[in-house]
Amino acid sequence: MGNGTSIGRVRGLGSSHQGAHHWLLTRLTAVGNLILIPYLIVSLALLPDFEWATVHSWLAKPVPATALILTFINTFYHARLGIQVMLEDYVHEEAGKIAAWLLVNIVPFAAGAFGVVSVIRIALGAA
Amino acid sequence: MAQAHSNRPISPHLQIWRWGPAMLVSILHRVTGNGLAFAGLALLLWWVGAIAGGEQSYQTFISFVWTGAGSPLAALTAILAKLVLVGLTWAFFQHMASGLRHLVLDIGVGYELHTNARWSVLTLVFSVLATALFWAFVLMPR
Ligand code: HEM
Ligand code: HEM
């Protein structure tokens with residue numbers, strides 16, 4: 001690491017070799033969002049009403065269920081990548097960096113899993 | 001800041017610069033992206049979880065987020081939630097438009113000053129119009 005100037009420390013550390021991949025995944029998931037989110041909001045807007053039975057039976061159909069599960073994977077991943085970039089810009093202390101690292105690596109996956117399980121439950125007819 | 005101890009020259013900070021459309025759209029991309037991620041995805045999860053939980057839990061969701069029926073607290077949150085929902089639709093349309101702008105810039109075009117400013121302004125116009133049209137359509141009696 002070295003203990004010289006900031007730039008010297010950066011040089012000593014070198015690249016993480018992950019930036020390009022992170023960047024590319026952001027673009028890839030952005031294209032996914034471009035299809036999934038408009039599909040979701042247009043479908044919702046076109047529902048005849050928002051009673052539980054209407055929404056539930058719509059979501060139980062294969063295509064909406066698949067689309068929403070893909071949203072829980074794709075969009076949560078896109079958001080997780082984006083939040084990481086935001087935190088990298090604003091969090092500078094070591095303790096904060098560890099907290100941020102835990103946050104972006106755990107919460108989105110736990111939240112996405114909850115979403116996927118909910119859709120499976122709806123699609124397979126429980127409740 | 002990590003380099004707070006250095007006395008190397010630093011660049012002038014934010015408030016020094018004259019605002020332009022590209023700067024506004026850049027910061028809005030960040031604000032809307034993070035707003036969608038924190039508020040939007042939380043709401044989406046609550047919604048899908050409530051549907052999966054059955055009719056009762058869906059009713060609770062609807063009263064807190066839309067009708068306000070049942071309790072004074074729900075009456076309050078329903079008002080706030082409507083603002084949040086309109087805000088989230090605007091945030092989505094803005095983020096989508098400025099995200100598309102990013103994808104275009106990524107292929108290396110759109111950097112000429114006038115072109116860049118024009119497309120920045122267009123994303124702002126688009127997001128407001130799309131939000132208005134979307135809600136007009138949803139609230140239209142059917
Ligand atoms: C129409 C779909 C979308 C497109 C085309 C899109 C595009 C993009 C692109 C290209 C970036 C990277 C910008 C950069 O390199 O500086 C980005 C960042 C981001 N996106 Fe999206 N996005 C979309 C939807 C969403 C949604 C639905 C969410 C959240 C639920 C989201 C959350 C974020 C976040 C948090 C960032 C990081 C912004 C920052 O702090 O720099 N995006 N988006
Ligand atoms: C109040 C004014 C400003 C604010 C709030 C602001 C905010 C931001 C934010 C949030 C980002 C990351 C989002 C993104 O990558 O799209 C960013 C990136 C950047 N900003 Fe600014 N900025 C401001 C003014 C400026 C000025 C005046 C300059 C240059 C003279 C500048 C140069 C840059 C550069 C080079 C990047 C990196 C772009 C990239 O990732 O390709 N910013 N700014």
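So you know, we letter chains A, B, ... as the sequences are listed, proteins then strands, and number each from 1.
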Top contributor to chain B contacts, counting heavy-atom pairs under 4.5 Å, from A:Glu51, A:Glu94, A:His78: A:Glu51
Contacting region of A:Val117 [heavy-atom separation from chain B under 4.5 Å]: neither
Spatial distance of atom OG1 (A:Thr26) from atom CZ (A:Arg80) [nearest 0.5 Å]: 9.5 Å
Any residue meeting side chain to side chain donor-acceptor pair (under 3.5 Å) with B:Ser120, in chain and number order, not counting sequence neighbours: B:Arg101
Members of residues 87-100 of chain B whose heavy atoms come closer than 4.5 Å to chain A: B:Phe92, B:Phe93, B:His95, B:Met96, B:Leu100
Interface residue of largest heavy-atom contact number with chain B, from A:Ala45, A:Gly115, A:Ala53, A:Gly82, under 4.5 Å: A:Ala45
Residue pair A:His22, A:Gln84: steps toward the side-chain contact (heavy atoms from CB on, under 4.5 Å) verdict: CA-CA 10 Å; A:His22 189 286; A:Gln84 180 186 345; 3.3 Å; yes
Side-chain donor-acceptor contact under 3.5 Å, B:Gln59 with B:Glu55: no
Atom CH2 of A:Trp101: over 12 foreign heavy atoms under 6.0 Å: no
Sub-4.5 Å side-chain heavy-atom contact between B:Leu44 and B:Val48: no
Euclidean distance, B:Ile107 CD1 relative to B:His102 NE2, rounded to 0.5 Å: 14.0 Å
Gap between atom CG of A:Leu87 and atom NE2 of A:His92 - 0.5 Å precision: 11.0 Å
Inter-chain contacts: residues 65-86 of chain B against chain A, heavy atoms under 4.5 Å: none
Single-linkage hydrophobic cluster, 4.5 Å side-chain cutoff, A:Leu36 and A:Val63 together: no
Which portion of B:Val138 sits near chain A, non-hydrogen atoms under 4.5 angstrom: side chain
More than 12 heavy atoms from other groups under 6.0 Å of CD on A:Glu88: yes
CH2 (B:Trp47) with more than 12 external heavy atoms under 6.0 Å: yes
Chain A contact via B:Phe38 - which portion, at a heavy-atom distance below 4.5 Å: side chain
Residues in residues 65-77 of chain A near chain B [non-hydrogen atoms, under 4.5 Å]: A:Leu68, A:Thr71, A:Phe72, A:Thr75, A:Phe76
Portion of A:Pro108 that has a non-hydrogen atom of chain B nearer than 4.5 angstrom: neither
Check: B:Phe126 and B:Leu129 side chains under 4.5 Å, non-hydrogen atoms: no
Heavy-atom check, side chain of A:Phe109 versus side chain of A:Phe114, under 4.5 Å: no
Rounded distance [0.5 Å steps], CH2 in A:Trp52 versus OG in B:Ser57: 8.5 Å
CG/A:Leu102: more than 12 non-hydrogen atoms of other groups inside 6.0 Å: yes
Side chain, backbone, both or neither of A:Ile83 within contact of chain B (heavy atoms, under 4.5 Å): both
For chain B, the option from A:Val119, A:Leu47, A:Val91, A:Val42 that forms the most heavy-atom pairs under 4.5 Å: A:Leu47
Nearest-0.5 Å distance, CD1 of residue B:Ile51 to CH2 of residue A:Trp58: 8.0 Å
From A:Ile37 atom CD1 to B:Leu36 atom CG, the distance as rounded to the nearest 0.5 Å: 8.0 Å
Heavy-atom contact with chain B under 4.5 Å, split by part of A:Leu46: both
